[in-house]
Each structure stands twice: as structure tokens, then as C-alpha cells.
Amino acid sequence: MRILLVEDDIMIGEAITVALKDAAYAVDWVRDGDEADMVLKHPEHQIILLDLGLPKRDGLEVLHRLRQRGDAIPVIIITARDAVEDKIQGLDYGADDYLVKPFDINELLARLRAVIRRHGGKSSPVLSNGKISLDPATHEATCNGNSALLSAREFSLLQALLLRPGNILTRAELEERIYGWNEEVESNAVDFLIHGVRKKLGADAIKNIRGAGWLVDKQT
Ligand code: CA
């Protein structure tokens with residue numbers, strides 16, 4: 001799961017980036033409204049954390065332009081603006097959630113999980129295709145009675161596949177969801193992660209379609 005963090009405060013941005021990476025998200029960080037607006041014209045990310053008080057272009061305007069383009073990507077506003085009117089305006093501009101600074105990082109992580117779950121049309125917090133289940137809060141996966149704790153990147157990979165069961169994801173699509181801009185990706189990185197997940201959950205957990213990519217079964 002790849003997040004775009006839009007935040008001009010360096011200390012807050014660094015703290016959030018570290019926490020998100022620890023929680024297995026790939027994070028790209030931009031520091032002003034213009035850059036955010038430009039980056040968001042390319043659909044690279046799955047969720048946005050958006051500060052409002054930003055240089056060059058206010059976060060609300062970034063959000064407004066995003067929704068005007070018909071982009072439905074989930075957005076969580078993170079801001080020091082704590083007035084009720086600000087919260088109402090943010091939500092009415094198309095934000096999915098609104099978190100006032102300072103906040104506990106664990107609350108941010110829980111809200112991210114909730115927004116991702118709702119966006120996927122799921123009510124259960126655990127992702128499942130009937131055969132594999134994956135808990136985003138603990139990174140524990142179960143398949144055919146095998147239970148295992150996944151590493152951050154193994155979790156990202158399996159999450160990407162379980163969010164679209166029955167759909168083949170290519171190597172490039174998987175890499176895009178697992179790695180941020182500044183991360184070097186070895187050519188066999190995805191194979192390595194697939195191997196790790198299969199070792200923990202069983203060889204049939206993830207299917208390979210030769211020359212195309214990988215998938216997990218759709219629930220029958
Ligand atoms: Ca700010």
C-alpha cells in the first residue's frame with residue numbers, strides 16, 4: 001500500500017514517515033501544495049495524508065482539485081485546524097477522515113486501516129479470500145491452517161494481492177505498491193517476497209501466471 005504524505009513540517013513529516021514504514025506502508029513525501037497537486041495527476045498512490053496549511057497551495061485546494069478531476073482516492077486530512085467549521089469543510093470537500101494535530105501515531109494507523117477497509121467495501125477488519133486471511137493490525141496471515149507473522153514487505157505484497165483477489169498483478173504493479181520513490185528495487189525483489197510468503201503459508205498460497213504476474217484466488 002503506497003501512501004502520499006503531504007506535509008511541510010519536517011519533524012512531523014519525518015515522524016510520520018518512520019511510523020508508516022514500520023507499519024509496512026510505502027511512503028512518498030511532498031512538502032508543498034503545488035507538488036502534491038502535480039504528483040496526484042498520476043495514479044501512483046492508494047491513499048493520501050494531507051496537511052492543510054501548506055506553502056504554495058492550501059491543502060483544501062489540493063483536495064478540491066483532486067475531486068474535481070473525479071479522483072476517488074481516499075484522503076485523510078491531518079491538520080492543526082481544529083475548529084468544527086474546518087472539519088465540516090474538509091469532509092465536505094471530499095476528505096474521508098479528519099485528524100487534528102497533535103495526534104497519537106497509533107490513532108493515525110488505526111484510521112488508515114479503517115479508511116482502507118471502507119474504501120475496499122469491506123466490513124471485516126481482516127482481509128480474506130476464503131482461503132488466506134490477513135490481519136492488517138498485526139500482519140498475521142493464515143492459510144490452510146498455517147499461521148505466520150509476515151515481514152513488512154511480505155505483508156504489503158499479500159495485501160496488494162488480497163485487495164484484488166482473482167486479478168493478476170504484474171511485477172511492476174506489485175513493485176509500485178510496495179516501494180516508494182527513493183527505494184532501490186532489486187530486479188528479483190518481488191520473487192524473493194513471493195518465495196518468503198509461500199514458505200510461511202504454503203506453496204499454493206500465491207499463484208504464478210507465467211509471463212503475466214501473480215494472483216490469489218477469488219473467493220468461491
Ligand atoms: Ca503545515
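Just so you know, ligand 1 is whichever comes first in the structure, and atom 1 is the first atom listed for that ligand.
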Sequence neighbours excluded, the answer for side-chain hydrogen bond (donor to acceptor under 3.5 Å, both in side chains) partners of Glu186 is none

Regarding Glu154 and Lys200, does a basic nitrogen lie under 4.0 Å from an acidic carboxylate oxygen? yes

With the threshold set at 4.0 Å, does a side-chain nitrogen-carboxylate oxygen contact exist between Asp135 and Arg113? no

Anything under 3.5 Å between a donor and an acceptor, one on a side chain of residues 73-89, the other on a protein residue two or more places apart or in another chain? List them.
| residue | atom | partner | partner atom | Å |
| --- | --- | --- | --- | --- |
| Thr79 | OG1 | Arg81 | N | 3.0 |
| Arg81 | NH2 | Asp58 | OD1 | 2.7 |

So which protein N/O/S atoms does the Ca ion (ligand 1) have within less than 3.0 Å? Asp8 OD1, Asp51 OD2, Gly53 O

Report yes if the side chains of Leu193 and Leu158 come closer than 4.5 Å at any heavy-atom pair, otherwise no. no

Would you please name every residue forming a ring pair (Phe, Tyr, Trp, His ring centres under 6.0 Å) with His195, sequence neighbours left out? none

